[in-house]
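One structure below.
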There are 2 protein chains.
Amino acid sequence: MQKLSVNNFSYLSSKTLTLKIVETLKLHHLKATPQRLVIMQVLSESAVHPTAEQLFEQVQATHPTISLGTIYKTLETLHEAGLAQKVHVADSAQRWDANIHPHHHIFCSDTGEIVDFEDEELDRLINNYFLKKNISNFTPGQIQLQLNGVKINPNQPIKYHGH
Amino acid sequence: MQKLSVNNFSYLSSKTLTLKIVETLKLHHLKATPQRLVIMQVLSESAVHPTAEQLFEQVQATHPTISLGTIYKTLETLHEAGLAQKVHVADSAQRWDANIHPHHHIFCSDTGEIVDFEDEELDRLINNYFLKKNISNFTPGQIQLQLNGVKINPNQPIKYHGH
DNA sequence: GTGGCTGCAAAGTCTTTGCACGAGT
DNA sequence: ACTCGTGCAAAGACTTTGCAGCCAC
């Protein structure tokens, strides 16, 4: 089945994004409920890799009746459908990423900030390496790299060449 | 301060390992209590990257009076001293690793198994890459790679060239 | 109409905390 | 002796679950 990433459409207007989300949900045989639409939209427009709780707070601003339980269930459902990724970092509740394209993470241990890092050259490098390296009794899948460190100026964003 | 990894001494007899652990603790100005000795010994001899609970069960076999709370506190203390690493994987409580040498992880999403992966060539490759790549407003530290996948034969261990 | 989804609240799991006592230095 | 560490139990944080009613299809 074709997989559509929710947040590869950030150039779209909010209305068009909603349509795209509806389409994506239907492709995965999931009902396009208003709750799911909001949650997916907020997650896909977020840059912070939010926790369920953070997502809940943001969603509440416009949809105060959506419950925290629904956020949890929806995120798990999206994950099972391959529409959201879990991100695991130190000393934090489960965090979420709408970017389902294989990618890496830069993690600031001071602020807890996570920045997506995507680079073909790096992927080629690592993939070539593991092709040479024989790992027996194991079928490799996604490779995820995490670059830990600290921000120099906490008020400025982390950037990298290619952004 | 010199940092000693607890589990770099697996070739040592149990008695010598204990002495090494005492020495390591004192180096870090931590009291060498029997509880800490057992916990460090069990962790350093474990291959499964155990959770606090799993460690507790193993410790109980020989030291039934050590409490779970002490396991948690001890692990956190060891972590702060740089003597134990946290390992974050999907759908699991916090897991622990006595190997504090920078290294990577192979993770089987079927069995939850984690295998340490250490290779100089890979580290050189990645470090060179990030030296070229300019990431601004960020002081990079440890790079951790996780190779996700599934075991082919669940009853056999995962191995790789160089093991 | 029906099956899947939601809201609610309760329960479950994992982890931290406070405190009095005990032990290592 | 003094300070740090431990055991215990309670509390806290995070997440899942059960179920009745509702809504997208």
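Quick note on labels: first sequence line is chain A, next is B, and so on, each numbered from 1.
Classification of the A:H49-A:H105 ring pair by plane angle, with boundaries at 30° and 60°, yields perpendicular. The aromatic rings of A:H79 and A:W96 sit perpendicular to each other, their planes meeting at more than 60°, with 30° as the lower class boundary. Between A:H104 and A:F117, the ring-plane angle classifies as tilted under the 30° and 60° cut-offs.
In this structure, CH2 of A:W96 is placed 15 Å from P of D:dC14, rounded to the nearest angstrom. Spacing between atom CG of B:D91 and atom P of D:dC14 amounts to 17 Å, rounded to whole angstrom units. Atom CD1 in B:I39 sits roughly 12 Å away from atom C1' in D:dG7 (whole-Å rounding). Between the CZ atom of B:R95 and the P atom of C:dT15 there is a distance of 12 Å, given to the nearest Å. To the nearest angstrom, P of D:dT16 lies 7 Å from NZ of A:K86. For the pair B:L68 CG and D:dG7 P, the computed distance is 11 Å after rounding to whole Å. Atom P of nucleotide D:dT15 and atom CZ of A:F56 are separated by 14 Å, given to the nearest angstrom. Rounded to whole Å, the distance from CG on A:L55 to P on D:dC14 is 15 Å.
No salt bridge links B:D110 with B:K151; every basic N to acidic carboxylate O contact stays at or beyond 4.0 Å. A salt bridge is defined here as a Lys NZ or Arg NE, NH1 or NH2 lying under 4.0 Å from an Asp or Glu carboxylate O, and B:D97 with B:K86 fails to meet this definition.
Proximity note for A:E76 (side chain, C-beta onward) versus D:dC25, D:dT16, C:dT15: the nearest is D:dT16.
Apart from A:F107 itself, the hydrophobic cluster it occupies contains A:V87, A:V89, A:I114, where clustering links Ile, Leu, Val, Met, Phe, Trp and Tyr at side-chain heavy-atom distances under 4.5 Å.
Checking side-chain atoms of B:Q54 against main-chain N and O of B:T51 turns up a donor-acceptor pair under 3.5 Å. At least one donor-acceptor pair under 3.5 Å links the side chain of B:R36 to the backbone N or O of B:K31.
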Please produce a list of atom pairs where a protein N or O lies less than 3.5 Å from an N or O of nucleotides 5-10 of chain C.
from: C:dC5; atom 1: OP1; to: A:R36; atom 2: NH1; distance (Å): 2.8
from: C:dC5; atom 1: OP1; to: A:R36; atom 2: NH2; distance (Å): 3.0
from: C:dC5; atom 1: O5'; to: A:R36; atom 2: NH2; distance (Å): 3.3
from: C:dT6; atom 1: OP1; to: A:T33; atom 2: OG1; distance (Å): 2.8
from: C:dT6; atom 1: O3'; to: A:Q35; atom 2: NE2; distance (Å): 2.8
from: C:dG7; atom 1: OP1; to: A:Q35; atom 2: NE2; distance (Å): 3.3
from: C:dG7; atom 1: OP1; to: A:T65; atom 2: O; distance (Å): 3.2
from: C:dG7; atom 1: OP2; to: A:S67; atom 2: N; distance (Å): 3.2
from: C:dG7; atom 1: OP2; to: A:T70; atom 2: OG1; distance (Å): 2.6
from: C:dG7; atom 1: O6; to: A:K73; atom 2: NZ; distance (Å): 2.7

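Residue-level contact check: A:A52 touches neither bases nor backbone, having no heavy atom under 4.0 Å from any strand. A:Q94 comes within 4.0 angstrom of the backbone, heavy atoms only, and of no base.
With a 4.5 Å cut-off on side-chain heavy atoms, B:K132 and A:E121 count as touching.
Between the axis at the start and the axis at the end of the helix from C:dG1-D:dC25 to C:dT25-D:dA1 there is an angle of 40°, using five pairs per end and rounding to 10 degrees.
OP1 or OP2 of D:dT15 has at least one side-chain nitrogen or oxygen of A:Y72 nearer than 4.0 Å.
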